[in-house]
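As structure tokens, the structure follows; a few thoughts come after it.
Order of the sequence lines fixes the chain letters, A, B, ..., with proteins taken first and strands second; residue numbering starts at 1 for each chain.
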Amino acid sequence: MDKKRVTFLSIFLFLAINVISLSKVIEGYYGQEYSHVYIFMIVALISTGLATIAFFLWRKEEYKR
Amino acid sequence: MSEDKKNKNHPDNDQDMMKLVDNLNRKEDVNLNRRAFLKASFGTTVALGLATTPFGVMSAIGNDKEDAERIEIATADELAVGEAKNFNYPTEDEPAVLVRTPDDQYVAYNNKCTHLQCPVFYEHKDNVLLCPCHKGYFDVNSGHPIAGPPQRELPKILLEVKDGKVFAVGREYRHG
Ligand code: FES
């Protein structure tokens with residue numbers, strides 16, 4: 001698989017991770033399990049960062065002439 | 001009608017037709033849609049990721065408030081077996097329900113439904129806690145959801161019965 005494809009698909013992986021993390025964070029917040037809130041917040045932020053990297057890599061490949 | 005108008009729908013040269021065919025370039029069309037789709041997905045990913053931070057911040061701020069206050073909520077003979085009573089604990093705007101169960105135990109929970117925060121009632125007939133909004137049922141003895149949409153247990157209020165009085169002495173969010 002080429003780089004463009006990998007970055008393209010990875011964005012959906014990160015999207016899924018963020019959906020799950022956000023729901024866990026909300027659960028943890030209302031259940032007052034603050035350690036869960038922090039763990040999943042960090043997971044979400046890392047995956048957001050990776051998604052950003054993947055997006056820019058994809059963009060470079062996609063618009064390259 | 002002028003000759004000119006009559007021929008309006010008949011292209012007089014191939015030029016216009018060519019443009020239409022250009023428009024139907026499938027590969028381009030798919031590619032552009034794919035780009036827009038990926039951009040939207042990326043935007044959603046970022047939005048969801050960042051949406052977790054307010055919860056983290058709020059947890060960090062509100063983390064250290066303790067609610068181990070001791071409050072008298074009822075006298076022991078006030079409730080008959082199978083009766084319930086509302087009170088507020090630990091603060092005035094946190095409603096709770098005290099139940100004297102059929103096997104003569106006192107139990108109390110904050111009665112905001114863990115689904116969408118409707119008030120939960122004690123149903124004497126079936127010996128359950130019932131949320132009428134979306135038919136959520138909670139076990140009276142444990143506060144755990146048994147049917148309907150709620151996924152999380154009701155916060156349990158710790159009780160102490162002493163000298164014919166019932167006291168609320170603390171609260172547990174996750175229990176059992
Ligand atoms: S609010 Fe209680 S079941 Fe939906």
Heavy-atom side-chain contact between B/L129 and B/V99 under 4.5 Å: yes
Considering only heavy atoms, give the residues of residues 53-62 of chain A separated from chain B by less than 4.5 Å, sorted numerically, with 'none' for an empty result. A/F55, A/W58, A/E62
Side chain proximity check, B/F55 to A/M41, heavy atoms < 4.5 angstrom: no
Hey, what do you get for B/C131 versus B/C113: SG atoms under 2.5 Å apart or not? no
According to the ring pair (Phe, Tyr, Trp, His ring centres under 6.0 Å) rule, which pairs have a member within residues 136-157 of chain B, sequence neighbours left out? B/H144-B/H175
Does the side chain of B/I73 come within less than 4.5 Å of B/I157's, by heavy atoms? no
Contact part of A/V43 toward chain B, heavy-atom cut-off under 4.5 Å: side chain, backbone, both or neither? neither
Considering only heavy atoms, give the residues of residues 35-54 of chain B separated from chain A by less than 4.5 Å, sorted numerically, with 'none' for an empty result. B/R35, B/F37, B/L38, B/K39, B/S41, B/F42, B/T44, B/T45, B/V46, B/L48, B/G49, B/L50, B/A51, B/T52, B/T53
Under 3.5 Å, is there a donor on one side chain and an acceptor on the other for A/T48 and A/N18? yes
Among B/K165, B/R100, B/K85, exactly one meets side-chain contact (heavy atoms from CB on, under 4.5 Å) together with B/E78. Which residue is that? B/K85
Listed once per pair and sorted, the salt bridge (charged side-chain N to carboxylate O under 4.0 Å, His left out) pairs that draw on residues 126-151 of chain B, sequence neighbours left out: none
Taking the six-membered ring for Trp, are A/H36 and A/F40 parallel (under 30°), tilted (30 to 60°) or perpendicular (over 60°)? perpendicular
Say whether B/Y109 and B/Y89 are linked into one hydrophobic cluster, either directly or through other cluster members, by side-chain heavy-atom distances under 4.5 angstrom. no
